[in-house]
Amino acid sequence: MDLKMKQDLAKLSKAVYNNRNFEVNGTSGEDAMRKLVYEALGLEPGTVGNELYYAFERNKTAVFEVINVTVDALTPTIVRDEFNELANFNTIRLNQNMVFTNPNTKLFKVSQIANGTQDLRRQNLVGSTYTVATDYYGVAVYTEFEQFLTGMVNWTDFITRVSDSFASYIGQRIYQAFSEAYDKARSHLNATGTFDIDTLINLAAHVKASAGVSEVTVYGSLAALGKVASEVPLLSDAMADEVNRLGYLTTFRGIRFMALPDVYVPGTNEFLVDDNSLTIVPSGAKIVDVVFEGDTFTREEQAQEHQSLQLSFVMLRKLGVQVNQAAVYGVYQLDA
């Protein structure tokens, strides 16, 4: 597949994901995507039966390439839409080593010296550097052989579910990264107890001063931000309407509030984001780095005896998630 075909396929996959009613020259986006899969198989759309199976056996790598390109296009887009304010997203070549730099933003210490001396401690202009370790993560799926032969596999839904699954996992990793990396020793940047607006304002002031910024944003689950809204005075009808519409206030006394996406702990129906925790971050500061290394790789899983009437696929993606170790942020842990 040449570069232009990959770019067109990536654009189509994003359009179909964002709008199921998307059309291309009078053809639905889903039909256009299905046509591309059949073209990779060398068949007319709608072909079923043994002809479909034999074509898949001959051209499976071409089908896998369609899957890889679409998953690569969708996954970063989905997770970026949800976590763009908190995380940087980078795509690098396989085995490329990306070095991140922490700029040194601290003010220089000015010291008094005696006349005629140069007894000053030198201070470094350059900050620290770090890299983000990446590992392979995979999704294994299968379809019944008869479903495949009768054309019941919805390739658009399949690719979308794979992309959503990877994006959900990365979202979990992002939240876990900044919640687990927090240094509780920085007592001036954390608080505990029953919510109190003055405590939050004081904590925000410390984050501003420590980071050298003028604005901060408070992140939390919808439930956590709802607790804040229930404890602060609603000074206008507009504020009450905002709480009624969103479940929380977006701004109060110069502090922005933003809800984190609701994400389940893998394999459970428990929410990952703590409903009793607020994270205070300098506005615009992206404290987490997400690295996608190389391309998605899809292969057919080796058939076992019990899978003789199933087609199984494994999709692998190499990625890494890490908090910027120089990041400044505060945590307010509320009483349950």
Side-chain angles (χ1 to χ4, degrees), residues 1 5-41 43 45-46 48 52 56 59-84 87 89 91 136-144 147-148 150-175 261-267 269 272 290 292 294-301 310-319 321:
M1 188 182 301
M5 290 180 64
K6 288 183 178 180
Q7 291 173 338
D8 290 343
L9 177 55
K11 188 181 300 183
L12 174 63
S13 63
K14 292 177 185 178
V16 173
Y17 181 86
N18 291 317
N19 178 13
R20 284 306 180 100
N21 296 318
F22 176 78
E23 292 188 353
V24 182
N25 299 324
T27 301
S28 73
E30 289 192 25
D31 285 341
M33 185 73 73
R34 188 177 299 109
K35 182 181 178 183
L36 286 172
V37 174
Y38 275 97
E39 285 179 356
L41 291 168
L43 297 174
V48 296
L52 176 60
F56 178 77
N59 303 294
K60 64 180 69 174
T61 56
V63 175
F64 293 158
E65 188 173 13
V66 172
I67 294 172
N68 295 342
V69 171
T70 51
V71 171
D72 283 342
L74 285 182
T75 303
T77 301
I78 298 168
V79 74
R80 185 181 289 112
D81 288 345
E82 293 187 338
F83 288 95
N84 191 49
F89 297 89
T91 301
Y136 277 108
Y137 298 87
V139 173
V141 297
Y142 74 92
T143 183
E144 297 296 336
Q147 293 176 330
F148 178 79
T150 54
M152 292 177 62
V153 176
N154 187 317
W155 291 100
T156 303
D157 283 348
F158 164 62
I159 291 167
T160 297
R161 286 178 64 190
V162 171
S163 302
D164 279 335
S165 299
F166 272 116
S168 176
Y169 175 74
I170 295 167
Q172 295 162 15
R173 289 283 305 277
I174 289 173
Y175 177 74
D262 289 327
V263 178
Y264 281 142
V265 175
N269 59 359
L272 179 68
V290 179
F292 297 95
D295 302 321
T296 296
F297 173 68
T298 303
R299 63 174 174 82
E300 187 176 12
E301 190 174 34
Q310 296 174 351
L311 289 176
S312 300
F313 310 98
V314 176
M315 280 132 288
L316 302 175
R317 193 76 168 91
K318 198 171 189 182
L319 59 94
V321 179

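Just so you know, these numbers use all the heavy atoms, side chains as well, and skip hydrogens, waters and symmetry mates.
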| task | Would you mind reporting whether Tyr17 and Ile78 have side-chain heavy atoms less than 4.5 Å apart? | result | yes

| field | Thr298 side chain reached by Val314 side chain, heavy atoms, under 4.5 Å | value | no

| query | Counting only N and O atoms by type, is there a donor-acceptor contact under 3.5 Å from the side chain of Thr27 to the main-chain atoms of Glu23? | reply | no

| query | More than 12 heavy atoms of other residues, nucleotides or ligands under 6.0 Å from NZ of Lys60: is that the case? | reply | yes

| query | CZ of Phe166 to CG of Leu74: how many Å apart, nearest 0.5 Å? | reply | 12.5 Å

| query | If you measure from NZ on Lys6 to CE on Met1, what distance do you get to the nearest 0.5 Å? | reply | 7.0 Å

| request: Tell me yes or no: between the side chains of Arg317 and Tyr169, is some donor less than 3.5 Å from an acceptor? | output: no

| query | What is the minimum heavy-atom distance between Glu82 and Pro261, and which atoms define it? | reply | CB-CG, 3.8 Å

| Donor-acceptor pair, Asn18 side chain versus Lys14 backbone, under 3.5 Å? | yes

| request: Report the distance from atom CG of Leu319 to atom CZ of Arg173, rounding to the nearest 0.5 Å. | output: 6.5 Å

| task | Give a yes or no on this: more than 12 heavy atoms of other residues, nucleotides or ligands lie within 6.0 Å of atom CE of Met152. | result | no

| task | Have a look at Thr296 and tell me which of Thr70, Asp72, Asn68, Thr75 forms a side-chain hydrogen bond (donor to acceptor under 3.5 Å, both in side chains) with it. | result | Asp72

| query | How many angstroms lie between CG in Asn154 and CD in Gln147, if you round to the nearest 0.5 Å? | reply | 11.5 Å

| message | Quick one, Met33 with Ser13, criterion side-chain contact (heavy atoms from CB on, under 4.5 Å). Give me CA distance, side-chain angles, the key distance, then yes/no. | response | CA-CA 8 Å; Met33 185 73 73; Ser13 63; 3.7 Å; yes

| query | Is there a side-chain contact between Tyr38 and Leu36, using heavy atoms and a 4.5 Å cut-off? | reply | no

| said: Measuring only between side-chain heavy atoms, which start at C-beta, is Met315 closer than 4.5 Å to Ile67? | reply: yes

| field | Short N-O contact, Asp157 and Arg20, less than 4.0 angstrom | value | yes

| message | How close do Pro76 and Val71 get, counting heavy atoms only, and between which atoms? | response | CD-O, 4.2 Å

| said: Could you measure the distance from the CG atom of Leu41 to the CD atom of Glu39? Nearest 0.5 Å is fine. | reply: 10.5 Å

| remark: Distance col, row Phe64:CZ vs Arg299:CZ, nearest 0.5 angstrom, shows 9.5 Å

| said: Would you say that Phe83 contacts Phe89 through its side chain, given a criterion of any heavy-atom pair below 4.5 Å between the two side chains? | reply: yes

| field | Beyond-backbone contact of Phe292 with Val290, side-chain heavy atoms, under 4.5 angstrom | value | yes

| Lys/Arg N to Asp/Glu carboxylate O, Arg161 vs Asp164, below 4.0 Å | no

| Taking everything shown except Tyr142 itself, do over 12 heavy atoms lie less than 6.0 Å from its OH? | no

| Do the side chains of Ser28 and Phe22 get nearer than 4.5 Å, heavy atoms only? | no

